[in-house]
Amino acid sequence: RCCVRERGSGLDSDAEEGLYRRSRAMWHPVAYADDVTEAPIAVRLLDEPLAIVRLEGEAVAFKDLCIHRGTALSLGTVENGELQCAYHGWRFDSSGACVRIPSRPEGSIPRKARVEKYACEEAAGLVWVCLEPPALFPLPEYRAWGDPDYRTVRIPLYDWNSSAARRVENFIDFSHFPFVHAGVLGNPDKPEIPDHPVTRLDHTLSFQLGVEEVPNALKGDDASAAPIQRQPSTYTISMPSSVELDQPLDDDVAGQAPEGGLREPGPQQADDQDGETGDDQGLLHSGPAHADAIGSSPTVRAGVIADPVLA
């Protein structure tokens, strides 16, 4: 989750502000689908407070504001498939229309008595919201999602004190490895990054890149071995802020892993310069709102979906 926008920094601030505004017409993940139940939850997307709730099995997104007296709808409850405001008990159906005013059970309900509803979809185990449809780009597609040869590992959320655009930049930036992740992912004595073509296809950008790394026990390496030249990983960036990492590892790692995939990760390491927790290019990425798919033989592949929630 990225919770602060950068303004006035002089570092592409105008471009980032423009992206921020246009992002209202794009899909953003706001919650894990499993977390959206009949107990409303409050989230913030692009400075908009939202109430996310499941009504009659459907995940819906409302402006977190009751049209009556301005109470947060996320404080309410679900009664008979309708969202009931915690203040005066007004009830709203899945379209956002008020269907019951307890203090006037026999009276007519004003036509304007409805809350603002946003476009909401479920995909890849996440709930996505678009504030100003139609969306400029489709929902990202993840090849590994739903593939029985992969298992899904859910990683806890954590906050970044940055813009989402800057977070994505960090995730696909190899040149900081030798300095921020020295001895883990990079070597300060070999900071060069080889040239690599970037391909644009519709709403995605993709590239392949493999660099030399020090041995990493998390990836099944012998810690005493010499530096390892990794097979090229494929990064696919979908607008506005989704990144899918397809990272192949050596076949012999499969022999060291439990059935169904790789070993569980050890304790996370703090990244004291990027303001992040964990290994931001590692096997498992503690990304904002995301799903991680890990496969097994014949070649162990680590896939990561990192998609910041703009707040």
Side-chain angles (χ1 to χ4, degrees), residues 1-5 17 20-139 154 156-157 159 164 240-241 288-289 307-311:
R1 296 181 299 198
C2 296
C3 38
V4 173
R5 282 192 293 168
E17 183 67 22
Y20 195 86
R21 290 193 302 269
R22 289 178 64 81
S23 289
R24 293 181 63 87
M26 302 179 194
W27 290 106
H28 303 274
V30 295
Y32 284 111
D34 290 345
D35 288 344
V36 178
T37 66
E38 290 190 345
I41 57 176
V43 302
R44 182 174 289 271
L45 174 63
L46 298 166
D47 291 334
E48 291 285 352
L50 308 180
I52 310 298
V53 66
R54 196 171 293 278
L55 298 180
E56 298 183 334
E58 175 190 1
V60 295
F62 295 128
K63 190 178 186 69
D64 198 7
L65 184 74
C66 180
I67 191 67
H68 181 212
R69 304 305 298 165
T71 300
L73 288 172
S74 57
L75 299 175
T77 58
V78 173
E79 305 292 340
N80 297 323
E82 299 158 353
L83 180 57
Q84 179 173 286
C85 178
Y87 197 6
H88 294 94
W90 284 32
R91 289 190 188 178
F92 304 90
D93 64 16
S94 60
S95 74
C98 179
V99 294
R100 184 171 187 269
I101 300 178
S103 61
R104 301 182 56 196
E106 305 300 327
S108 61
I109 298 176
R111 193 178 309 175
K112 67 178 182 179
R114 58 184 309 116
V115 295
E116 187 170 0
K117 180 183 178 181
Y118 300 104
C120 186
E121 296 285 349
E122 293 186 57
L126 303 169
V127 173
W128 304 72
V129 171
C130 178
L131 298 177
E132 296 181 1
L136 296 173
F137 307 102
L139 285 166
R154 174 169 167 169
L157 307 181
D159 293 334
S241 309
D307 206 314
V309 176
L310 296 175

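Heads up: numbering here begins at 1 and tracks the sequence.
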Shortest non-hydrogen contact between [X] and [Y], atoms and distance:
| X | Y | result |
| --- | --- | --- |
| M26 | P240 | SD-CB, 3.3 Å |
| P102 | P105 | O-CD, 3.2 Å |
| T37 | D34 | CG2-O, 4.0 Å |
| I41 | A31 | CD1-CB, 4.0 Å |
| V43 | V30 | CG1-O, 3.7 Å |
| V36 | A59 | CG1-CB, 4.2 Å |

Answer yes or no: is there a donor N or O on one side and an acceptor on the other, between the side chain of [X] and the main chain of [Y], under 3.5 Å?
| X | Y | value |
| --- | --- | --- |
| R114 | S95 | yes |
| H28 | L131 | no |
| K117 | S94 | yes |

Pairwise distance [atom1]([X]) to [atom2]([Y]) - rounded to 0.5 angstrom:
| X | Y | atom1 | atom2 | value |
| --- | --- | --- | --- | --- |
| R69 | I67 | CZ | CD1 | 11.0 Å |
| W128 | L45 | CH2 | CG | 11.5 Å |
| E38 | E82 | CD | CD | 11.5 Å |
| R21 | L46 | CZ | CG | 12.0 Å |
| W27 | C120 | CH2 | SG | 7.0 Å |
| L50 | L73 | CG | CG | 11.0 Å |

Legend entry - side chain to side chain donor-acceptor pair (under 3.5 Å) involving D35 - partner list, sequence neighbours excluded: R154

Inset, instruction - May I have the step-by-step check of side-chain contact (heavy atoms from CB on, under 4.5 Å) for Q84 and T77, ending in yes or no? - result: CA-CA 5 Å; Q84 179 173 286; T77 58; 4.1 Å; yes

Inset, instruction - Decide side-chain contact (heavy atoms from CB on, under 4.5 Å) for L126 and Y32; before the verdict, give the C-alpha distance in whole Å, the side-chain angles of both, and the deciding distance to 0.1 Å. - result: CA-CA 4 Å; L126 303 169; Y32 284 111; 3.8 Å; yes

Inset, instruction - Could you pull out all residues at least two apart from H68 that satisfy ring pair (Phe, Tyr, Trp, His ring centres under 6.0 Å)? - result: H88, W90

Inset, instruction - Would you check, one step at a time, whether the test side-chain contact (heavy atoms from CB on, under 4.5 Å) holds for D93 with L55? - result: CA-CA 8 Å; D93 64 16; L55 298 180; over 6 Å; no

Inset, instruction - Report the C-alpha distance between V60 and F92 in whole Å, list the side-chain angles of each, state the deciding distance to 0.1 Å, and finish with yes or no for side-chain contact (heavy atoms from CB on, under 4.5 Å). - result: CA-CA 12 Å; V60 295; F92 304 90; over 6 Å; no

Legend entry - Side chain proximity check, E48 to V129, heavy atoms < 4.5 angstrom: no

Legend entry - Heavy-atom side-chain proximity of I101 to P110 below 4.5 angstrom: yes

Legend entry - Neighbour count above 12 (heavy atom, 6.0 Å) for F137 CZ: yes

Legend entry - Listed partners of R54 passing salt bridge (Lys or Arg N to Asp or Glu O under 4.0 Å), at least two apart: E122

